[in-house]
Structure formats: C-alpha cells, structure tokens
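Heads up, the thing below is written out as structure tokens.
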Number of protein chains: 2
Amino acid sequence: MNSPGDVLDLISRGAAETRTDLARQTGMARSTVAQRVDALIGFGLVEETEPGESTGGRPPRLLRLNTAHNCVLGVDLGATHCRVALLDIGGKPLASCETPIQITQGPHEVLAHVDARMHELLTRANRPLESVKAIGIGVPGPVEFATGRPVNPPIMPGWHEYPIPDFFTSRYNVEVLVDNDVNVLALGERRFAYPGSAHLLFVKIGTGIGCGIVADGRLHRGAQGSAGDIGHIRVPDAPHAVCRCGNTGCLEAVAGGAALAARLSAAGTPARTGHDVVTLVNQGDAAALRLVREGGRVIGDVLAGLVNFFNPEAIVVGGVMAQVHEPLLAGMREVIYQRSLPLATHRLTVVPSRSGEEGGSLGAGRLAIDHILAPDYINRALSTGQGAA
Amino acid sequence: MNSPGDVLDLISRGAAETRTDLARQTGMARSTVAQRVDALIGFGLVEETEPGESTGGRPPRLLRLNTAHNCVLGVDLGATHCRVALLDIGGKPLASCETPIQITQGPHEVLAHVDARMHELLTRANRPLESVKAIGIGVPGPVEFATGRPVNPPIMPGWHEYPIPDFFTSRYNVEVLVDNDVNVLALGERRFAYPGSAHLLFVKIGTGIGCGIVADGRLHRGAQGSAGDIGHIRVPDAPHAVCRCGNTGCLEAVAGGAALAARLSAAGTPARTGHDVVTLVNQGDAAALRLVREGGRVIGDVLAGLVNFFNPEAIVVGGVMAQVHEPLLAGMREVIYQRSLPLATHRLTVVPSRSGEEGGSLGAGRLAIDHILAPDYINRALSTGQGAA
DNA sequence: ATAACTTCGTTCGATGATCGACGTAAGTAG
DNA sequence: CTACTTACGTCGATCATCGAACGAAGTTAT
C-alpha cells in the first residue's frame with residue numbers, strides 16, 4: 001500500500017476522492033500523496049474536478065479518473081455476432097454496436113470487421129485513436145491467455161494458434177488482452193454487479209454451457225486455460241444423449257439451448273435454437289416451460305456438486321437461456337439447495353446476470369481496464385516515463 | 001522483490017545461497033543485501049555455514065536457514081488418532097509420534113494429550129520450548145481458518161466454535177494455524193512432492209472422501225471455508241445408497257472406505273472398515289479388488305467433472321484406501337481420461353500420495369513454516385524487533 | 001463584518017533507506 | 001610470487017519519504 005499504482009487503485013475504486021482521504025487510507029504522509037497525485041495527473045490518468053463539500057474548513061479538491069482522455073475497447077465475439085463497446089476507464093459505456101458475423105470466416109476477415117467497428121465507435125464518440133489505452137477481447141473458445149492465441153477452438157476453424165493481439169497492436173499500439181468469452185462475462189458481472197464477491201461462478205447457458213470462475217477475486221483459468229468447461233460433465237439423467245464432443249450424457253447435450261430445442265421438437269413443438277425455446281416460454285408454452293425448468297434441475301445437479309467443491313458466494317446465470325430465468329433458476333435452486341451442504345449454501349445466492357446483452361463487451365472492456373489500472377502496470381509505466389494523455 | 005522477507009524467501013526456497021546470488025535475484029545493491037542478511041542473522045533465522053566452492057575468486061560464504069534454533073510443530077488429528085511431528089524450519093522431520101485418541105472426548109482432553117506429546121518430542125529431539133516458532137494443526141472437519149475454530153464439525157462433538165489456537169498460544173507464545181486435515185495434506189503433498197504445480201487437487205479417500213484444493217499455488221478454502229467437500233456429490237451409480245449426511249447417492253456413500261466395507265460385507269465377505277478392505281485386497285481377494293476398482297471408477301466420474309471445471313495439473317490420491325492405489329487409480333484414470341476434455345487431461349497426472357502416514361503432520365508443519373517464513377510476516381517481525389533465536 | 005476555528009494543500013528541511021564506488025579478503029591461474 | 005577473479009564490508013552520495021510549518025479557503029461564533 002505505498003506505490004503510485006495503489007493511489008490510483010484507490011481513486012479508481014472510488015475508495016478515496018481527496019488527497020487527505022488517500023493519505024489516511026495509504027498511511028503515507030500528505031506530502032507524499034500529493035506528489036503521487038501530481039505524477040498521476042501529469043501522466044493524464046487522474047484529473048482534479050470541482051471543489052467538494054466543506055466539512056467546516058477548506059473544501060477538498062476532488063480527484064477522479066481522467067475519463068476524457070482515456071478509454072478502452074471491449075469486444076465480444078460469438079459464433080454469429082460481434083459486439084464492440086467503447087468505455088472510458090471508469091467503466092462507463094460511451095458507444096457500442098452489434099453486428100452479425102460468421103466466426104468461421106477466420107481471423108483476418110473477422111478482425112478487420114472488428115477494427116472497422118472500432119473506428120466507427122471512436123468517430124461516433126468523438127474520441128481520438130490515441131485515447132484508446134487497451135483492448136479486451138472475449139472469444140468463444142479456449143485461449144492461451146498469456147499469448148492471446150486460441151487453442152483448438154471447436155467452433156472457430158482457422159483460429160488455432162492465431163495471435164489475435166498482434167492484429168491490433170500494430171494498429172493501436174496498445175496491449176490487447178484475449179480471453180474466453182465466459183471468463184470475460186464473469187469478470188464483467190463481478191465488477192458491475194457484485195463488487196465484493198471473492199468467489200463467484202458465472203454460468204453461461206447458451207447453445208452450449210460454460211462457466212467462468214472467479215477465485216479470490218481473480219479469474220481462475222487452470223493449468224491449460226481450459227477451466228470452467230462444465231458443458232461436458234456427465235449427468236445421469238440422459239445417459240444416451242449424444243454430444244457434439246463425441247461423448248454421451250454431457251450436461252450440454254441435455255440442458256443446453258440446442259438440446260432443449262431438439263427435445264422440444266421431438267416432443268412435437270418445433271424449435272431450432274435456444275432462442276426459439278425462449279420465445280415459446282415467453283408465449284406461455286407449457287411444454288417449453290416444463291422443459292426449461294427440468295433443464296434447470298439438470299444444471300443444478302452439476303452445480304450442486306461444484307458448490308460443494310468450490311464453495312462460491314454467488315452463482316450468476318447468463319446466456320440466451322437466462323432470458324427465461326424464472327423457471328431456469330427455480331429448477332437450479334431446487335436441486336442446489338437440496339443437494340449441497342448447508343454450510344456451503346448458507347449464504348449462497350443464485351441470481352440471473354444483470355449485465356444483459358452487453359455483458360460480454362463490457363466485461364472485455366473491464367478486462368482491459370483492470371489491466372491498465374493494475375498497480376504494478378502503473379508503477380512500471382510511471383518509472384519508464386511513457387506518456388499516457 | 002525488495003524486502004527482508006523476500007531475501008529470506010529466496011534463501012528458504014533454495015533459490016539463492018550467497019549474498020551475491022541474492023543481489024542478482026532481487027536486483028538490490030550488494031550492500032543492501034548484506035544489511036538484510038545481517039538483520040536476518042541477528043534475528044536468528046539465517047546462519048552462515050562453511051565457505052562454498054570458489055569459482056576462480058574468493059569463495060562465497062553460504063547462507064542457510066538457521067534450522068538449529070527454529071522449529072515448528074505439526075499436528076494431524078483424526079477421528080481415532082493423533083500424530084505430532086517436530087520439524088525444523090527447513091521442513092526436515094526431527095521427531096514424530098502417533099497415538100490413538102478419541103476425538104469425541106472433546107477439545108480439553110485431546111489438546112492436553114497433544115500438548116504432552118509435543119513436550120515429549122521436544123525432549124526427545126533435545127530442543128528447548130523456545131525454539132518452537134509456530135504450530136500447525138489439521139482437524140477432521142470444517143474450520144474457520146482465520147480464527148482456528150471448527151464450524152459444526154460432524155465427527156467432532158464438543159468442538160464447535162472451540163478456539164483451538166488459544167489453548168496453545170498461552171503455553172507456547174507462538175501463532176497457531178488450524179485448518180481442515182485435507183487442506184493440510186494438500187499443502188504437504190504440494191511442497192514435498194510437486195513443488196511446481198500451481199493447480200493441484202489432493203483427494204483423500206478414507207472412511208469418507210474429501211478434497212484439498214490448491215489454486216494458483218495457494219489453498220482455496222471458499223467463501224465459508226467448506227470448499228473441497230466432494231464426498232457428498234451425487235453419483236448416478238447408486239441412487240439409493242444412504243449417506244450419513246442424510247441425502248442419498250452421495251459419492252462417499254458409494255465409494256468411501258466405509259461404504260466399500262459395507263458393500264463387501266453384504267456380498268458375503270465380512271469387512272468393517274476401509275482398512276479391512278485394504279487388507280483383503282492385499283491378500284488377493286478378488287471381490288475386494290473388483291470393488292475397489294469399481295469405487296475408483298465412481299470417484300473418477302466425479303473427478304472427471306472437476307477436471308473439466310478446475311483444470312488441475314495433478315490429482316494426488318491419499319487416505320487409507322490409497323494404500324491399494326493400483327486398482328483404485330486404475331479405475332479413476334479409466335474414467336477421467338475417457339470423460340474429461342483432451343485439453344484438460346493432456347498434461348494431467350493422477351498419482352498416489354507420496355507423503356504416506358506422516359503426510360498430515362508434515363503438511364500441518366508446512367502450514368506453520370509457510371506462515372513464519374512468509375515475507376510480510378518477516379517484515380512485520382523485523383520492524384517490531386521481536387527477537388527469534 | 002470580523003475573528004476564531006477547521007480543514008486542505010504545499011513547501012521545505014530532516015531523516016532514513018538504498019546505492020554504488022572503493023578497499024580488503026580470499027581464493028585460482030600462470 | 002604476481003596477476004586475476006570473485007566475494008564481502010565500508011562509507012559518502014543520493015533519493016524518497018516524512019512531518020512540521022505555513023498559506024489557502026472555507027465555516028462558525030461574536
């Protein structure tokens with residue numbers, strides 16, 4: 001708690017607004033804090049705003065992140081969509097857009113499309129390209145986070161080992177963070193909705209089923225970066241359901257959006273995708289409703305085990321199917337609270353995602369923001385004297 | 001990388017043996033390192049040993065942890081046994097003992113027994129009481145780590161909320177760390193056998209089944225400290241097996257040592273405990289062998305899911321049943337490598353525990369050692385000027 | 001209005017930690 | 001024995017941080 005980066009951290013978290021606050025919280029002398037703040041202001045990351053309320057003496061000069069000159073881009077790539085968001089470093093969305101793409105067209109075409117959208121957003125928000133300080137990207141497949149390369153992504157042919165960051169670093173001269181889309185969603189959800197939770201699971205129920213893991217406040221990616229792949233855990237309910245992974249009885253072959261649609265079709269109500277199932281539920285279709293709730297139970301069965309194993313504080317449910325979260329969460333809770341240990345469920349909350357359609361791009365932006373506001377990144381940047389604004 | 005604690009950390013990990021080494025690795029000036037080392041020597045934690053090999057100039061004076069004046073006590077409490085070990089702070093066992101106890105006799109009696117064993121070990125190893133710098137304890141139930149109090153432990157009546165550390169702090173004037181026995185085992189196994197693995201699961205298969213989780217090199221205890229309780233995850237194989245937890249179909253009600261014994265008895269071969277099953281397997285009993293392998297498959301089914309979820313580098317199997325690890329691990333691997341995703345199993349190793357009977361007490365000792373050698377603990381201690389040796 | 005008080009921010013000399021040059025110790029190579 | 005190499009300790013210089021003192025800018029009491 002004594003570096004310039006820590007000072008910035010307190011400001012960005014809203015934990016301190018004045019120099020005196022900072023001195024109290026860091027334990028440093030006021031003079032030292034003032035020097036740190038001056039450096040950060042000179043660096044362009046912090047600005048002084050209007051005077052604050054007096055508490056009986058001279059009013060303090062409030063400090064804020066300099067959101068005018070610093071922003072990040074967050075990108076959410078899906079199988080068939082691409083959402084790009086421009087955020088200031090306070091996390092406030094400035095502009096965003098969603099366009100259809102085919103991820104199967106390969107990295108060159110897709111990333112060029114993303115690049116074009118980025119420029120549009122910058123123009124629309126009237127921000128120069130130099131104000132972009134980092135880029136975060138979520139992709140629908142496993143990624144080696146350190147290098148930003150997808151690793152044998154099942155639904156992204158042509159992307160294996162492609163160095164995504166390189167495409168942008170040459171164009172923007174900033175660092176590019178690439179991660180799995182579910183991790184990015186977990187991060188976004190945590191910061192936007194549950195700032196305090198150190199242990200959180202974000203369960204995305206779309207066509208398939210995935211899970212982002214926040215352990216001790218940080219993303220857990222596992223040894224090969226494949227952690228959270230819960231879609232292919234075996235469930236007892238349908239031992240013969242064939243999964244795209246080649247195995248049978250996988251969770252997502254029973255309770256994923258595609259599986260629910262298939263089962264609904266087989267039962268006589270035509271549905272092609274998870275979206276169709278959602279539509280039917282919203283139209284009051286009893287069979288669809290029953291199926292979603294039953295799917296929730298199956299997912300809950302897996303989550304009950306993970307609750308015992310991981311002991312999270314919160315489970316957040318997102319993805320297409322979460323649009324009908326009432327029956328889905330009802331089914332999940334039913335099983336979780338019955339099957340998990342009381343100590344683990346005592347303070348567990350199971351809630352729908354609050355971040356909505358933009359969750360992915362905002363979470364990707366958050367990944368970028370967290371990176372450039374990290375204390376050691378700031379300390380390095382200040383000591384090497386790289387200008388920001 | 002610049003505090004006295006970091007210098008000690010390098011020495012204790014064996015990463016640096018000379019002052020020049022330390023200067024290179026920390027980036028500090030040699031003079032600064034020398035001052036740090038002097039402080040640590042004065043504090044009694046480091047000592048100079050014989051001169052090292054010359055590499056063409058003046059031979060360096062090697063530095064080591066001062067193991068003569070510093071040791072820790074590690075305690076492994078089970079339902080019916082108590083193992084105490086005295087280790088020097090290098091982790092070398094100096095003396096140990098195992099005695100039968102009944103944990104049900106409650107904290108006063110059991111801890112008094114432990115205290116007596118501690119004094120015996122100190123006498124036997126000829127170390128003064130003052131050389132004990134910390135105490136680590138593993139107990140068979142959930143513990144609130146921060147306070148060292150068991151929380152509703154199912155097999156430890158009378159221990160609920162009992163402040164175990166207080167019992168010893170008054171007698172030894174050192175810090176006491178209390179954790180779940182499986183966590184302690186995971187810690188011990190990691191340090192003794194797989195120093196590099198950041199993500200490790202230690203699965204203990206005794207009467208029940210539990211799991212210690214090492215994530216990013218540190219123990220994951222979860223929100224309520226109940227993480228790793230995998231014994232009560234539902235398995236599809238025996239939906240009607242009644243578990244002591246009140247539910248049915250729990251993993252430990254199917255594949256735990258007690259369950260295996262019960263099933264073997266029901267099949268005509270009398271066995272009362274997991275131990276009996278182990279004995280039968282070692283005697284070549286075909287039914288017991290088949291049952292253990294089948295139990296391995298059931299556990300493997302659960303672990304396959306956890307491998308997908310957590311993506312560990314290694315799964316280490318310990319506990320009584322691991323004494324027959326050939327059939328057990330065969331069954332586990334069979335299922336894990338079939339059911340988990342290739343990316344996750346690619347570099348996964350499933351191995352028996354190497355720490356043996358003493359694993360618990362050594363791991364508890366390791367918990368204590370890690371605590372007193374932690375950089376920030378050392379920094380605090382040096383700045384407050386508390387003497388050590 | 002004015003004085004007294006409170007709080008905020010800055011200036012500046014004192015202090016302490018760290019550095020790096022230098023000197024000495026203790027070995028090897030020729 | 002001399003030159004060279006490497007390691008360790010000493011000591012003055014330097015730099016970061018602190019804390020006291022001061023000025024700035026408000027509120028409260030008279």
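Taking the side chain as every heavy atom from C-beta outward, Leu367(B) and His371(B) never approach each other to under 4.5 Å. A heavy-atom distance below 4.5 Å is found between the side chains of Arg221(B) and Asn183(B). A heavy-atom distance below 4.5 Å is not found between the side chains of Val184(A) and Ile137(A). Looking at heavy atoms from C-beta onward, Thr32(A) lies out of side-chain contact with Gln35(A) at the 4.5 angstrom threshold.
The phosphate of dC18(D) (OP1 or OP2) has a side-chain N or O of Thr32(A) nearer than 4.0 angstrom.
Every residue was checked against the side chain to side chain donor-acceptor pair (under 3.5 Å) condition with Asp38(B), not counting sequence neighbours, and none meets it.
A side-chain donor-acceptor contact under 3.5 Å links Glu144(B) and Thr147(B).
In summary, of the residues considered (Thr26(A), Thr20(A), Asp21(A)), a side chain to side chain donor-acceptor pair (under 3.5 Å) with Arg24(A) occurs for Asp21(A) alone.
A distance of 5.0 Å separates CG of Leu373(A) from OG of Ser12(A), quoted to the nearest 0.5 Å.
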Per-nucleotide protein contact string for nucleotides 3-14 of chain D (B base, S sugar-phosphate only, - none; heavy atom under 4.0 Å): --BBBBBB----
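Protein chain B touches strand DNA chain C; the 5'-most and 3'-most nucleotides with an atom under 4.0 angstrom of its non-hydrogen atoms are dT18(C) to dT28(C).
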